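Remember, it's a predicted structure, so these values are computed and weren't measured experimentally. Each chain gets a letter, A, B and so on, in the order the sequences are listed, and its residues count up from 1.
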Number of protein chains: 2
Amino acid sequence: MMRITALEEYGLRCLLNLARLGVDRQMSIAEVAEREAISVPYASKLLALLRKGGLVVASRGRAGGFTIARSPDEISLYDVLTVLGGPLVDPNHCNRFAGQRDTCVHLGNCSIYHVFQGLADHVQDFLTETSLEDMINRKAVDFARRKSSGPMLYEGPMGSRDSAENPSGNFDAS
Amino acid sequence: MMRITALEEYGLRCLLNLARLGVDRQMSIAEVAEREAISVPYASKLLALLRKGGLVVASRGRAGGFTIARSPDEISLYDVLTVLGGPLVDPNHCNRFAGQRDTCVHLGNCSIYHVFQGLADHVQDFLTETSLEDMINRKAVDFARRKSSGPMLYEGPMGSRDSAENPSGNFDAS
DNA sequence: CTTATACCCTACAAAGGAGTAAAGTATTTT
DNA sequence: AAAATACTTTACTCCTTTGTAGGGTATAAG
């Protein structure tokens, strides 16, 4: 559980590239692909998903490219993950896990459902309150019992801060 | 994201059957399979996983069966999901999504990592504080800003309470 | 109007998870 | 002992997801 799918991970990364540009500037598929070290066809697929989800706008032709559809502070992580990975909790859950019968044995009397529903609510709160702008600024949401006085700055995943290999200067991070 | 895998869902259900029996009584694979409406081979697989994870104890032979390894209030949902679905957050995440390179472009400078890490911490808190005993008793954990005065009772997923089809009487629910 | 550029769409091969099948091992009963 | 019961293990098939491939469509420059 809580496994991020490849679509969600790479799709979010692609979107963050556009988010950093704001609503005025655009970026081509090729450039997004290069920045994320993924193939051009794959980046195409991801950006098409984001476009169908209304998060980015595409312009075709020679001077074409993608632009983020709204200001980054008006797009939540929940929006993005919903577009890329489907609904946060499967609305069809009780139907998917019905075992060998047509309807789940526990339907209407389930020890699991209410717990996962409660958890999903919290996760949704968290994701809804985190915007792309927050992610870009490395600002952690003040959630639950976590006391954050002021913006919380990020400490690298394995303490190594100098391992980034991006000579290009700007817009390195996703 | 947050998708429950089949192993987690059905494995947890099987375990709940044993949890209701307590540490004294046992149940055979065949009976677990019937209660969960899954095939006997599949129940075998799930219970074997739970056994390898130390959550249940098997006894072989004619009077064999499975017993829960510890008291249900000493087994957390986190324990169960870890055994059935691997670690909550993939410790290899930054390596899995490295794109076409050997190391992720954003390693050491990632906008995503700290957000998901923060979320995962909260989820882990929730899961750790929820025991099998809580689930059996339909007791929601007091988590985050959710104000729960007294045990929260469960209301069915779609309002239909009379659709459970278990003539057997006891231990219907999972 | 031709060409180059860039997005769009459908279909396909590879990898991982879901669920099944069958033969093997241990224990109890007779 | 022999047979019945019940757990154990390995291998296999099916389906979903991942990532790729290639041809199609739109726009802008010359």
Interatomic distance where [atom1] belongs to [X] and [atom2] belongs to [N] [whole Å]:
X      : N       : atom1 : atom2 : result
R60(B) : dT27(C) : CZ    : P     : 7 Å
L49(B) : dG19(C) : CG    : P     : 13 Å
L50(A) : dC9(C)  : CG    : P     : 14 Å
E31(B) : dC7(D)  : CD    : P     : 10 Å
E34(A) : dA6(C)  : CD    : C1'   : 16 Å
R62(B) : dT29(C) : CZ    : C1'   : 5 Å
L84(A) : dT17(D) : CG    : P     : 14 Å
R3(B)  : dG17(C) : CZ    : P     : 15 Å

Under 4.0 angstrom between [X] side-chain N/O and [N] OP1 or OP2:
X      : N      : result
S28(B) : dA6(D) : no
S44(A) : dC7(C) : no
R51(B) : dT9(D) : yes

Using a cut-off of 4.0 Å on non-hydrogen atoms, how would the nucleic acid contact of [X] be classed: base, sugar-phosphate, or nothing?
X      : answer
A6(A)  : sugar-phosphate
L7(B)  : sugar-phosphate
A48(B) : nothing
L47(B) : nothing

Next item on the list: Would you check if there is a donor-acceptor pair between the side chains of S131(B) and D134(B) at a distance under 3.5 Å?
Entry: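 Distance-only check passes for D134(B) and S131(B).
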Notebook entry, point to check: Nearest of dA18(C), dC8(C), dT8(D) to any side-chain atom of F66(B)?
Noted result: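 For the F66(B) side chain, the nearest candidate turns out to be dT8(D).
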Margin query: Can you tell me which nucleotide in dC7(C), dC7(D), dT20(C) comes closest to the side chain of A58(B)?
Written below: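 Among the listed nucleotides, the one closest to the side chain of A58(B) is dC7(D).
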Next item on the list: Find which nucleotide of DNA chain D each of F97(B) and K45(B) is nearest to by heavy atoms, and output the residue with the more 5' nucleotide.
Entry: K45(B)
Item checked: Atom CG of D102(B): over 12 foreign heavy atoms under 6.0 Å -> no
Next item on the list: Answer with yes or no whether the hydrophobic clustering places V89(B) together with V115(B); edges join I, L, V, M, F, W, Y residues whose side-chain heavy atoms lie under 4.5 Å apart.
Entry: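 Result: no, two separate clusters.
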Next item on the list: Identify whether I68(B) and V57(B) are in the same connected component of the hydrophobic contact network (ILVMFWY, side-chain heavy atoms under 4.5 Å).
Entry: no
Note to self: Can you work out whether Q100(A) or A30(A) has the more 5'-proximal nearest nucleotide on DNA chain C?
What the structure shows: A30(A)
Note to self: If we check side-chain contact (heavy atoms from CB on, under 4.5 Å) with F97(B), which of these qualifies: E8(A), E9(A), E36(A)?
What the structure shows: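 When E8(A), E9(A), E36(A) are each tested with F97(B), the side-chain contact (heavy atoms from CB on, under 4.5 Å) holds only for E9(A).
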